[in-house]
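Just below is one structure, and these are the notes that go with it.
First the proteins, then the strands, lettered A, B, ... as listed; each starts at 1.
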Amino acid sequence: MAKVKVATDWLAACAGCHMSVLDMDERLVQLLDKIELTSTPITDLKHPPKEGVTVGILTGAISNTTNIEVAKQMRERCQILIALGDCAVFGGIVTMRNFFDMNEALKRAYVETESTVDGKIPCSEELGTPVRVCAVNQVVKVDIHIPGCPPSPDAIYYALSELLEGRIPVLTGDNLKYD
Amino acid sequence: MATVNIKINGKPIQARPGITVLDAAKEAGIDIPTLCHHPALANIGACRLCLVEVAKQRTLQPACTFPISEGMEVETESPKAVEARKFVLEMLFSERNHYCMYCEMSGDCELQAMAYRYGLDHWTYPTPFPKMPVDGTRKYFIMDHNRCILCRRCIRACSDLVANHTLGVRFRGAKTMISADMDAPFGESSCVSCGTCLQVCPTGALIDRKSAYMGREVHVEHTASACTFCSVGCGTSIVTRAGRVLRVEGDWDAPNQGVLCVAGRFEPLYDTRERLTSPMLRKGNALVPITWDEALDVLVARAKGNNGKKTAAYATSNALNDALGAFLTVFQGKVHATVGVLEPTLEELDLPAGGTLADLDAADCILVAGGDPLADHRVLGYRIKRALDKGARLLVVADGANGMLPFAHRKFPMAELAEAVKICQGSVAPVVIYGSQLDRADARKLATLTGKARFIPLFPGVNGYRARELGLKDGLRANGAKVLYLLLGDKELPEDAVKEARRAAFLVVHAAYKSAAAETADLVLPAPLWYEQEGTFTALDGRKAVVRPAVPKPADVLTEAEVLARLAERL
């Protein structure tokens, strides 16, 4: 049987959710018998293939126009989209920025930080424009939500295993956590 | 007794008439989820989490306020009820800042627990991110409005339990805010920092500064004990982790009904005085650590080498029952010393005692004379104010300032005590609360209410009731004493008392903390602290309050009773 294709990507994230994916440890090796990771932010190929994947996984919140673009591309190229982690599911810790004026937040991050000398707010046209931070489901349709900061490797393994069995995972007990 | 027949989730239940669906379900072992409900508070149906489906009712009904009636059929987990509950949870989560990952309460939060229970894995609605203030103007705890779900438990605790009426709401709808005195920073408001609101808050909106991020319920231990900072004897739960006291909570099942005051809940945890950790003997100008055997031998030699009349011993009436008993065995029974206590025991007033906090709930007239419960017996003061809310009248007899005066219906100078007594005579269930500012002539006037009124004494010492039973008198006198023994516990002796004590040729100080008295002593014996002790004291209502150790004592500290028992063996 052909392997199920899975792509992952991160938006405004700390990488912790991807660490939790790696923390599945030897179960990750078992999973790789059944799935093919076509692309991830921590492998060579970063973008989901044009021909599409079965499962797309996004971590991190929507915080700028690039995030929106990445989320839309993932949505278009996958059949089942998973929002993984509190930031992707709820907006998470990144939403702290929403409580401040954007210029105030940018100045604090790039100019006023204690370790910064002669700081400057980045303004290259190549960069995405910051937007009000929100959950992935506020921008594209999400099929499965796995909250957690980060979600436990058990929760991720459970969700992927259920999908491989053809079932939509329903998180309960220790698999459902917000912290 | 008549019962009402109802069905909950198809299960036939016979319940007492007049109770709510929630209570009927609870008695039948059926768990209906709640958030704004708290067993110690009146139900107001604010959060709508307990919505249930009641046959023949047009809409879902809140179980916490809906009374049962004959033939009623209730479904608590029907698809309609569950859907409504999830909707309520989603609305609560998306309203303010309910991101758990950096919240102090995560793990013990009732909102979070309900969301887990109903499998809430995402929110449908966009979040408005209102920027709410964080009020850190109080010393002991913080109010973070961002975490508040407006369940109003804090308001009900403040009004119904403590009768302080500081908290309320301002604005309406999504802008509703918990506020103090309409719109004052909490630290500048009429808040008395009793912390009852902190104890009932279901989320991380009210945060204890001292124990924040120090451990969740699964990490901590609770020790049921009693507060040893006044003679009310409030039931407490001492919360500890790894041998450290994190916080103190009020015991809901004790006469104080969960309520504590700032002096019992917070202040003891901020005591910065240095501990005495081993016995010490004066050698020249310095106090030198010695063993317990050496210390007790020195004391025995001093006491024996003396005529008993030249030995004096005084204990704080804060000391526990077994310590006071052993104190008398040693110094009265064996040494034949002059003995006494450091605080007035109200013994000379010869007035009745035995009135309880519960008596206040039934009182129609309360007479406070010669004492200020809101200054030194605050939980009793709050209970008086609660009685006033229910319609009791308050008569305050005082010369000078008294915290109860602003709440008094009638105020009298001490000279007009008889006038207040006359009003009490005409009431149905009067309660007299009396303190150490009375003299014997005043007491005789109050005594005319004996048999009619319940009497509650305000003992200046925690265990004043027992000290009075033992016939101990106060007044530290050291003149002529060759040996003076002082059992201080955690009490700090005032400067003039230290001077008086130092007139003795050989001064023994048995205390928990370093102090001016300990520094000037010839022999120092270390004592345990409130959370290291085991024993009982007799509260102002005559009840045995049980004190239990929550944290082990320092290695070289013995209980006061044990030290005195060892002393008795040697004599």
Side-chain angles (χ1 to χ4, degrees), chain A residues 13-14 16-17 20 58 61-63 81-102 104-105 131-152 155 158-159 168-179, chain B residues 33 77 79 82-83 85-86 89-134 144-149 202-204 207 212-213 215-219:
Chain A
C14 70
C17 294
S20 217
L58 286 176
I62 302 289
S63 86
L81 179 61
I82 301 178
L84 183 69
D86 275 351
C87 295
V89 173
F90 304 119
I93 207 158
V94 196
T95 60
M96 267 198 198
R97 196 174 85 186
N98 291 350
F99 295 102
F100 301 91
D101 170 76
M102 185 61 73
E104 212 184 327
V131 297
R132 198 175 162 81
V133 179
C134 64
V136 174
N137 68 7
Q138 300 296 307
V139 172
V140 294
K141 180 176 174 284
V142 173
D143 303 297
I144 294 161
H145 296 88
I146 306 176
C149 187
S152 70
Y158 165 78
I168 294 292
V170 178
L171 300 178
T172 54
D174 285 344
N175 283 338
L176 180 63
K177 282 277 174 279
Y178 303 153
D179 62 356
Chain B
E77 298 290 330
V82 169
E83 192 196 351
R85 228 165 263 160
K86 286 174 109 166
L89 283 169
E90 270 202 56
M91 294 299 270
L92 285 173
F93 267 96
S94 48
E95 186 63 48
R96 295 187 182 182
N97 184 339
H98 295 296
Y99 293 99
C100 300
M101 74 290 279
Y102 50 91
C103 181
E104 199 276 319
M105 271 299 266
S106 189
D108 286 345
C109 173
E110 294 181 39
L111 177 66
Q112 184 188 59
M114 283 303 156
Y116 287 164
R117 175 166 165 180
Y118 283 95
L120 198 74
D121 62 3
H122 70 287
W123 315 327
T124 313
Y125 308 101
T127 39
F129 300 104
K131 193 173 176 179
M132 310 294 276
V134 178
D144 183 352
H145 292 278
N146 295 284
R147 302 290 193 191
C148 176
I149 56 168
T203 70
I207 309 154
Y213 299 103
R216 295 271 51 103
E217 215 39 59
V218 292
H219 306 122

Heavy-atom cut-off 4.5 Å, strictly under: side chain, backbone, both or neither for A:Val142 against chain B?
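Neither the backbone nor the side chain of A:Val142 comes within 4.5 Å of chain B.
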Flag the one option from A:Gly92, A:Ala135, A:Pro147, A:Ala83 with the top tally of heavy-atom pairs under 4.5 Å to chain B.
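Ranked by heavy-atom pairs under 4.5 Å with chain B, first place is A:Gly92.
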Quick check on the interface: out of A:Leu171, A:Thr95, A:Asp86, who has the most heavy-atom pairs with chain B under 4.5 Å?
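Result: the option with the highest number of such pairs is A:Thr95.
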Looking at B:Glu90 and B:Arg85, is there a salt bridge between them, counting it only when a charged N and a carboxylate O are closer than 4.0 Å?
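Not counted as a salt bridge, because no side-chain N and carboxylate O are separated by less than 4.0 Å.
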May I ask you to decide whether A:Asp143 forms a salt bridge with A:Lys141, counting only side-chain N to carboxylate O separations under 4.0 Å?
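Yes.
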Largest heavy-atom contact set with chain A, pairs under 4.5 Å, which of [options]:
| options | answer |
| --- | --- |
| B:Gly107, B:Pro126, B:Gly119 | B:Pro126 |
| B:Thr124, B:Thr127, B:Leu120 | B:Leu120 |
| B:Lys131, B:Arg117, B:Gln112 | B:Lys131 |

Member of B:Tyr99, B:Phe93, B:Tyr102 meeting the ring pair (Phe, Tyr, Trp, His ring centres under 6.0 Å) criterion with A:Tyr178
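Answer to the ring pair (Phe, Tyr, Trp, His ring centres under 6.0 Å) test with A:Tyr178 among B:Tyr99, B:Phe93, B:Tyr102: B:Phe93.
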Heavy-atom check, side chain of A:Ser63 versus side chain of A:Arg97, under 4.5 Å
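Counting from C-beta outward, A:Ser63 and A:Arg97 do come under 4.5 Å.
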Please check if any side-chain donor atom of B:His122 sits under 3.5 Å from a side-chain acceptor atom of A:Asn137, or the reverse.
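No, no side-chain donor-acceptor pair sits under 3.5 Å.
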